[in-house]
Amino acid sequence: MRIATWNVNSIRTRADRVVAWLQRSDVDVLALQETKCRDDQFPESRFTDLGYQVAHVGHSQWNGVALLSRVGLEDVEVGFPGQPGFGSPEPAVEARALGATCAGVRVWSLYVPNGRTLTDPHYEYKLRWLEALRTAAGGWLAADAGAQVALVGDWNIAPQDDDVWDVRVFAHSTHVSEPERAAFRAIVDAGYADVVRPHTPGPGVYTYWDYTQLRFARREGMRIDFVLGSPALAARVTNALIDRQERKGKGASDHAPVVVELRD
DNA sequence: ATGGTAGACAATCTA
């Protein structure tokens with residue numbers, strides 16, 4: 001079984017590329033972020049034609065997350081249970097979390113709030129959102145230590161200095177601040193391991209490259225897209241990759257897909 | 001060089 005996550009930066013603009021990628025990558029579950037469309041605008045038939053079931057929680061202009069699965073898509077849920085206001089469309093511009101069970105694995109497509117700047121109210125909201133996620137995700141393991149849970153998506157956090165091309169450039173910026181990194185570590189400490197990094201060691205290994213400043217050509221990126229797995233999920237991981245080929249050429253998203261392979 | 005690029009939507013906002 002293969003699970004992937006990809007911030008596509010508009011599913012309508014990227015549909016041809018996503019379809020082509022699905023057809024050659026043998027992925028069973030694909031979590032999408034930044035779909036940038038309302039639910040009624042999602043090009044669902046492009047994916048149902050390929051045998052995938054589709055769930056989407058959208059927004060008129062930005063963010064929006066989806067789950068595509070060809071191995072079942074059950075108990076679809078928006079937001080974090082017991083954490084009202086986080087993950088559901090309130091506050092409207094930032095919160096996105098969509099969960100579903102696919103072949104026994106609870107997969108959450110997450111778009112962690114960007115934060116904008118260290119002094120913006122959205123930064124504090126980002127930290128609260130991550131705390132709500134930690135509380136919810138910790139609760140799932142407290143209820144069932146053997147649960148197979150994958151927390152996947154765009155985390156908008158670079159947990160280590162090596163996860164950006166030059167940490168000096170990011171001084172006083174979001175994504176690398178200690179509170180954000182602590183929030184990420186708290187979720188790891190709650191039992192969710194980064195299952196991709198062991199298979200894709202850095203430095204210089206990224207999942208995102210800004211469109212400006214020739215960042216991709218200069219190999220100046222950030223590792224901010226992650227798959228965190230519960231113990232039972234992590235035990236099944238046999239391989240992982242970041243498909244940086246998909247960042248190349250005209251019409252690419254600014255993020256690359258991240259893929260994990262699970263043993264049966 | 002006070003910028004750069006991309007996307008939504010139609011004047012700016014977001015990333």
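Chain identifiers are assigned alphabetically (A, B, ...) following the order of the sequence lines, protein sequences preceding nucleic acid strands; residue numbering begins at 1 within each chain. Below, all heavy atoms of this structure are taken into account, side chains as well, without hydrogens, waters or symmetry copies.
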Rounded interatomic separation in angstrom, taking [atom1] from [X] and [atom2] from [N]:
X      : N      : atom1 : atom2 : result
A:Y211 : B:dT5  : OH    : P     : 13 Å
A:H175 : B:dA15 : NE2   : P     : 9 Å
A:R96  : B:dT14 : CZ    : P     : 14 Å
A:D16  : B:dG7  : CG    : P     : 13 Å
A:M222 : B:dA15 : CE    : P     : 14 Å

* To do: Verify the distance criterion only: is there a donor paired with an acceptor across the side chains of A:N9 and A:Y211 at less than 3.5 Å?
  => yes
* A:R215 near the nucleic acid: base, sugar-phosphate alone, or nothing, with a heavy-atom cut-off under 4.0 Å? -> nothing
* Asked: Would you say a side-chain N or O of A:R116 is under 4.0 Å from OP1 or OP2 of B:dA15?
  -> yes
Review item, nucleotides 1-4 of chain B N/O atoms under 3.5 Å of protein N/O:
residue: B:dG4; atom: N3; partner: A:Q213; partner atom: OE1; Å: 3.3

* Determine the interatomic distance between P on B:dA1 and the same-named atom on B:dA11; round to the nearest Å. => 33 Å
* **Non-hydrogen side-chain atoms of A:D16 and A:R46 separated by less than 4.5 Å** => yes
* With sequence neighbours excluded, residues passing side chain to side chain contact (heavy atoms under 4.5 Å, CB included) with A:L241 -> A:D243, A:V259
* Where each residue is assigned the nucleotide of DNA chain B containing its nearest heavy atom, which of A:N9 and A:N156 is assigned the position nearer the 5′ end? -> A:N9
* Hey, which sits more toward the 5' end of DNA chain B by its nearest nucleotide, A:S10 or A:E34? => A:S10
* To do: Kindly point out which of B:dA15, B:dG7, B:dC9 is positioned nearest to the side chain of A:R12?
  => B:dC9
* Structure fact -> Picking from B:dA6, B:dA8, B:dA15, the nucleotide nearest the side-chain atoms of A:T13 would be B:dA8
